[in-house]
Amino acid sequence: MKIFKGSAIFSGIAIGRILYYHRESSQVRQCFAGNVKKELADFEKAQQKVAEELQVLYGEESNIKRRQTALLEKGSFVRAVKSMIETEKVSAAYAVATTRDELSQTFRNLEEPAVKERIEDVRELSERLIAVLGGLSTTIFLGEKPVIFVAETLSPGEILEMEKEKLLAVVTRQGSEISHASIMAKTIGIPALVDVEIEEDWDGLLAVVDGYTGTLYLEPDGELLKEYEKRLKAEQEEKEELLKLKNKEAVTLDGHRISLYANIANLDDLNSVLFYGAEGIGLLRSEFQYLGRENYPRENELFRAYKKVAETMGERLAVIRTVDLGADKQAAYMDIPEEENPIMGNRGIRLCLDRKRMFKAQLRAIYRASAYGNLAVMYPMISSLEELDEIERITEQVKAGLREKGIAYKDIPVSVMIETPAAVMMSREIAQRVDFLSLGTNDLAQYTLAMDRQNPLLKEKYNDHNPAILKMIQMVIEEAHEEKKKVFICGELAADTDLTEIFLRMGVDGLSVVPACILPVRKAVRKSRREKK
Ligand code: PEP
Ligand code: MG
């Protein structure tokens with residue numbers, strides 16, 4: 001038996017034979033172009049064909065599709081391919097393969113997640129372009145029996161084109177937690193490891209993948225195998241039990257019902273919101289529309305995304321949070337001046353109120369999309385009533401503009417994130433002005449403890465169960481209830497099942513968690529009592 005350590009991307013256990021995947025199309029023979037103009041024209045046709053494929057594969061609003069289409073249409077990758085065809089007079093397929101390899105080579109040691117993501121985009125696009133130009137297929141056949149899929153890298157497109165029921169686990173050498181493939185693996189819910197020193201001759205060998213510890217056991221010995229078989233059985237039974245809760249209500253043992261919503265950070269998560277039976281979206285973090293790009297998103301692009309959310313959710317509530325940029329969420333095109341202490345800096349609503357054009361475009365998009373479903377709008381990082389005054393003024397202008405143009409919209413519910421101590425202290429007054437409150441416990445904890453939530457030095461000291469935080473949550477719920485307004489929790493604490501009963505006893509009206517945590521939290525609610533016996 002050999003043991004290999006990697007990083008766990010998604011938990012779970014898998015036992016099975018390895019399928020080592022060779023990406024056949026990665027070698028394209030050097031071939032000189034007889035006719036440069038024809039190669040350029042073929043390349044342009046291939047660009048168009050691949051753009052259509054992406055549309056079919058990922059859908060119009062998908063984040064991956066948007067990024068890859070942008071790469072395909074303009075930017076350094078396409079320029080490099082064209083310039084190679086022109087100057088070196090090589091075939092389009094060869095220029096694509098070489099540009100891909102050069103880019104991967106140049107950036108292979110960079111750990112930056114955004115760079116890794118871009119390299120994966122380039123890799124997937126290149127495979128598709130080469131397939132179109134050279135007639136090679138991108139479909140992967142997994143064989144008869146389910147396998148542990150091992151590869152150097154994997155693109156989300158490749159995962160999409162496999163038969164998912166034949167996939168037991170995914171193990172790659174390259175990839176990152178936020179890489180597309182990892183996101184896909186999370187969505188399918190199979191164990192996934194990256195950073196594993198994989199070897200080609202593993203093909204066909206028996207292995208155990210432990211997605212809890214990030215370990216791969218190659219040719220496991222009898223005892224270990226038996227132990228993992230037992231654990232796998234227990235895990236499957238637990239999953240089946242949990243899945244039975246898909247369409248059940250979140251009701252406590254003593255008959256109190258609470259709402260369970262999902263937090264999502266891109267449109268690819270919409271399906272899992274429905275799959276796990278969430279009541280709706282309690283927090284749509286809209287930052288994905290602003291980050292990883294070269295310019296502000298246009299109103300229409302924002303609108304199309306919100307319309308898709310509204311239509312997909314139908315009558316279910318979908319709370320769109322206006323963009324919370326600044327601090328750790330920066331985009332170069334925004335030119336945010338350097339700050340000494342960005343966590344305390346010009347972020348969230350403060351930045352939006354400074355950049356009214358950007359803010360108004362987002363509000364217009366949200367209100368336009370409101371006509372297509374059951375949307376609500378939510379504002380992050382509020383710390384004063386004056387901010388609410390200004391938001392109300394701007395919203396009125398936006399609505400007036402829509403009316404003038406005869407564009408339909410609804411007067412949707414308005415909500416505020418309670419994530420600064422100031423908002424906690426003013427929660428009664430805020431509740432008088434909005435339709436519901438949502439506690440952002442991630443930021444509330446860091447501002448209450450005066451500890452940066454991302455500072456690794458404070459990892460041991462950072463206690464988000466500190467009674468000061470719990471008292472604040474209790475206070476907000478009481479103050480809002482005095483005003484007959486509901487309170488949700490949408491920070492990570494909402495998924496902490498050790499606190500579920502405590503929150504219920506405080507009287508919280510709803511919890512909003514990532515899709516994969518909906519069933520575990522629903523289970524915790526159903527095991528809790530709201531009233532003390
Ligand atoms: C929070 O602060 O709890 C929250 C939900 O917002 P984010 O994590 O996006 O800052
Ligand atoms: Mg926050």
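Just so we're clear, the structure is a prediction, and the values are computed from it rather than from any experiment. One-based numbering, in listed order, for ligands and for the atoms of each.
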Which pair of non-hydrogen atoms, one from Ala480 and one from Leu437, has the smallest distance, and what is that distance?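 What the structure gives for the nearest pair is CB-CD1, 3.8 Å.
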Which pair of heavy atoms, one from Leu193 and one from Ala8, lies closest together, and at what distance?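 Taking every non-hydrogen atom into account, CD2-CA, 4.0 Å.
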Tell me whether Glu287 reaches ligand 1 (any heavy atom closer than 4.0 angstrom to a ligand atom).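 No, that is not the case, since the closest heavy atom of the residue is not under 4.0 Å from the ligand.
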Please confirm whether Arg321 comes under 4.0 Å of ligand 1, counting heavy atoms of the residue only.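 Arg321: in contact with ligand 1 (<4.0 Å).
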When you compare ligand 1 with Asn442, is there at least one nitrogen or oxygen pair between them that comes in under 3.5 angstrom?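 Yes - when backbone and side-chain N and O of Asn442 are compared with those of ligand 1, one distance drops under 3.5 Å.
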Enumerated ligand 1 atoms positioned under 4.0 Å from heavy atoms of [X]:
X      : value
Gly491 : 3 (O), 5 (C)
Glu419 : 1 (C), 2 (O), 6 (O)
Cys490 : 5 (C)
Met417 : 4 (C), 5 (C), 6 (O)

Given Gln446, Glu492, Arg285, which one has a non-hydrogen atom that is nearest to atom 7 (P) of ligand 1?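 Considering heavy atoms of Gln446, Glu492, Arg285, the nearest to atom 7 (P) of ligand 1 sits in Arg285.
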Give, for atom [atom1] of [X] and atom [atom2] of [Y], the distance between the pair rounded to the nearest 0.5 Å.
X      : Y      : atom1 : atom2 : answer
Gln289 : Arg298 : CD    : CZ    : 14.5 Å
Tyr290 : Arg285 : OH    : CZ    : 16.0 Å
Ile382 : Ser415 : CD1   : OG    : 9.5 Å

Taking atom types as modelled and ignoring hydrogens, do the side chains of Glu301 and Tyr296 form a donor-acceptor contact shorter than 3.5 angstrom?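 No, Tyr296 and Glu301 have no side-chain donor paired with an acceptor closer than 3.5 Å.
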Sole candidate of Phe488, Tyr276, Phe436 that passes ring-ring contact (aromatic ring centres under 6.0 Å, His included) when paired with Tyr261: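 Passing option: Phe488.
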Between Asp324 and Arg347, is there a salt bridge with N-O shorter than 4.0 Å?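 Salt bridge flag = yes for Asp324 with Arg347.
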Heteroatom N/O/S of Glu419 within less than 2.8 Å of the Mg ion (ligand 2):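 Here the distance criterion (N, O or S atom, under 2.8 Å) is met by Glu419, so yes.
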Under-4.0 Å heavy-atom contact with ligand 1, by part of Leu283 that carries it: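 The answer is the side chain of Leu283.
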Please state which protein non-hydrogen atom is closest to atom 10 (O) of ligand 1 and give its distance, to 0.1 Å?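 The closest heavy atom on the protein side is Asp443 OD2, 3.0 Å.
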Do you know which N/O/S atom name in Asp443 is closest to the Mg ion (ligand 2)?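 Per the distance ranking, Asp443 contributes OD2 as its closest N/O/S atom to the Mg ion (ligand 2).
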